[in-house]
Amino acid sequence: MLGAIMLAVGGTGGASTHKHPATWVGALKLALGALLALFGARQWQRRPRDPSQAQLPKWMAAIDRFTPVKILGLGLLFSAANLKNTPLTLAAAASISSAGLPVPQQIGALAIFVVIASLGVLAPLGVYLLMGERAKNILGSWRDWAAQHNVAVMAALFFVLGLKLLGDGVSVLAA
């Protein structure tokens with residue numbers, strides 16, 4: 001939804017000028033990159049020094065007892081209301097809208113972005129659907145690993161993506 005809004009804003013806001021991203025797209029990427037890099041650095045500082053001290057969030061500890069409807073609702077809530085996803089979605093949609101593509105191709109590109117961005121959530125679902133009850137051990141080990149390393153992985157990911165967006169923003173503004 002947020003990506004579609006950004007495509008509409010980019011289309012009406014002149015995100016592309018002569019096949020080159022508009023200045024506001026560079027400024028947006030610069031701001032989003034700084035936000036992500038700062039968020040990643042903050043996460044890194046807050047990570048548990050000993051991974052064995054990391055704990056599952058309460059919602060994740062309770063997820064084994066959720067019904068499929070509750071899990072679907074939780075997935076929709078986390079994807080729509082997750083502030084960590086917002087800068088990435090805005091940056092992707094701004095890039096797409098500034099590429100000078102026709103609207104149907106922009107929509108297709110955004111759809112591909114959404115599918116790729118959802119692979120982390122879709123992979124456990126695929127394992128469960130393909131393996132059924134045999135998937136419990138695999139998914140349990142994935143959950144344990146994620147609980148121990150989630151903060152460090154997310155911190156590094158956001159920091160690197162933030163630096164990438166900072167570079168993109170500087171590149172657009174310098175051109």
Side-chain angles (χ1 to χ4, degrees), residues 1-6 10 21 24-66 70-98 109-128 135-174:
M1 179 66 164
L2 185 60
I5 292 170
M6 188 66 214
W24 71 265
V25 172
L28 178 66
K29 286 184 175 188
L30 200 62
L32 293 173
L35 179 71
L36 282 175
L38 289 172
F39 185 74
R42 185 171 161 241
Q43 289 272 95
W44 184 260
Q45 290 174 339
R46 292 183 168 187
R47 78 188 188 291
R49 301 291 179 222
D50 181 5
S52 66
Q53 299 298 320
Q55 295 181 345
L56 283 173
K58 289 180 184 177
W59 68 266
M60 194 181 282
I63 204 165
D64 290 338
R65 298 182 303 276
F66 282 12
K70 283 185 180 179
I71 290 173
L72 177 63
L74 183 68
L76 291 173
L77 174 70
F78 279 165
S79 66
N82 189 334
L83 292 178
K84 293 180 266 185
N85 292 340
T86 301
L88 297 173
T89 303
L90 288 174
S95 292
I96 292 167
S97 68
S98 68
L110 183 62
I112 291 169
F113 167 77
V114 168
V115 169
I116 291 170
S118 301
L119 288 177
V121 176
L122 294 175
L125 175 62
V127 169
Y128 177 76
K136 282 187 178 182
N137 288 338
I138 294 169
L139 295 174
S141 67
W142 287 5
R143 182 186 59 211
D144 295 342
W145 187 91
Q148 287 184 344
H149 304 287
N150 183 53
V151 175
V153 169
M154 295 307 289
L157 178 67
F158 286 126
F159 190 72
V160 168
L161 290 173
L163 293 178
K164 164 73 169 101
L165 286 176
L166 280 169
D168 288 352
V170 168
S171 175
V172 169
L173 292 174

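Just so it is clear, the values below take in all heavy atoms, side chains as well, and ignore hydrogens, waters and symmetry mates.
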Asker: Enumerate the residue pairs fulfilling side-chain hydrogen bond (donor to acceptor under 3.5 Å, both in side chains) with a member in residues 25-43, sequence neighbours excluded, ordered by first and then second residue.
Answerer: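 side-chain hydrogen bond (donor to acceptor under 3.5 Å, both in side chains) check on residues 25-43 returns K29-S95.
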Asker: To the nearest 0.5 Å, what is the distance between CG on L36 and CG on L166?
Answerer: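 The CG atom of L166 is 8.5 Å from CG of L36, to the nearest 0.5 Å.
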Asker: Check the pair F159, L38 against side-chain contact (heavy atoms from CB on, under 4.5 Å), reporting the backbone distance first and the verdict last.
Answerer: CA-CA 7 Å; F159 190 72; L38 289 172; over 6 Å; no
Asker: Can you name the closest pair of heavy atoms from W145 and V153 and give their distance?
Answerer: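 Minimum heavy-atom separation between W145 and V153: CH2-CG2, 3.7 Å.
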Asker: For atom OH of Y128, decide whether the heavy atoms of other residues, nucleotides or ligands shown that lie under 6.0 angstrom number more than 12.
Answerer: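 No.
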Asker: State the CG-CD1 distance between L122 and I116, to the nearest 0.5 angstrom.
Answerer: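 So the gap between those two atoms works out to 11.5 Å.
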Asker: To the closest 0.5 Å, what do you measure between OG (S98) and CH2 (W24)?
Answerer: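 Spacing of OG (S98) from CH2 (W24) equals 8.0 Å.
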Asker: Could you measure the distance from the CZ atom of R143 to the CD1 atom of I138? Nearest 0.5 Å is fine.
Answerer: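 Answer for the CZ-CD1 pair, R143 versus I138, is 13.5 Å.
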Asker: Given P87, which of L28, L161, L35 fulfils the side chain to side chain contact (heavy atoms under 4.5 Å, CB included) condition?
Answerer: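 For P87, the side chain to side chain contact (heavy atoms under 4.5 Å, CB included) test succeeds with only one of L28, L161, L35, which is L35.
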Asker: Can you sort out the partners of K164 under side chain to side chain donor-acceptor pair (under 3.5 Å), two or more places apart, ordered by chain and number?
Answerer: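 Residues passing side chain to side chain donor-acceptor pair (under 3.5 Å) with K164: D168.
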Asker: Please determine whether side-chain contact (heavy atoms from CB on, under 4.5 Å) holds for the pair F158 and L88, giving the CA-CA distance in whole Å, both sets of side-chain angles, and the decisive distance to 0.1 Å.
Answerer: CA-CA 9 Å; F158 286 126; L88 297 173; 4.2 Å; yes
Asker: When you compare the side chain of V151 with that of W44, does any pair of heavy atoms fall below 4.5 Å?
Answerer: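 The answer is no, as the side chains (C-beta and beyond) never meet within the 4.5 Å cut-off.
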Asker: Measuring from atom OG of S97 to atom CG of L110, what distance do you get when rounded to the nearest 0.5 angstrom?
Answerer: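 Atom-to-atom, S97:OG and L110:CG are 10.0 Å apart.
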Asker: Say you draw a straight line from CG of L165 to OG of S171; how long is it, rounded to the nearest 0.5 Å?
Answerer: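 Between atom CG of L165 and atom OG of S171 there are 12.0 Å.
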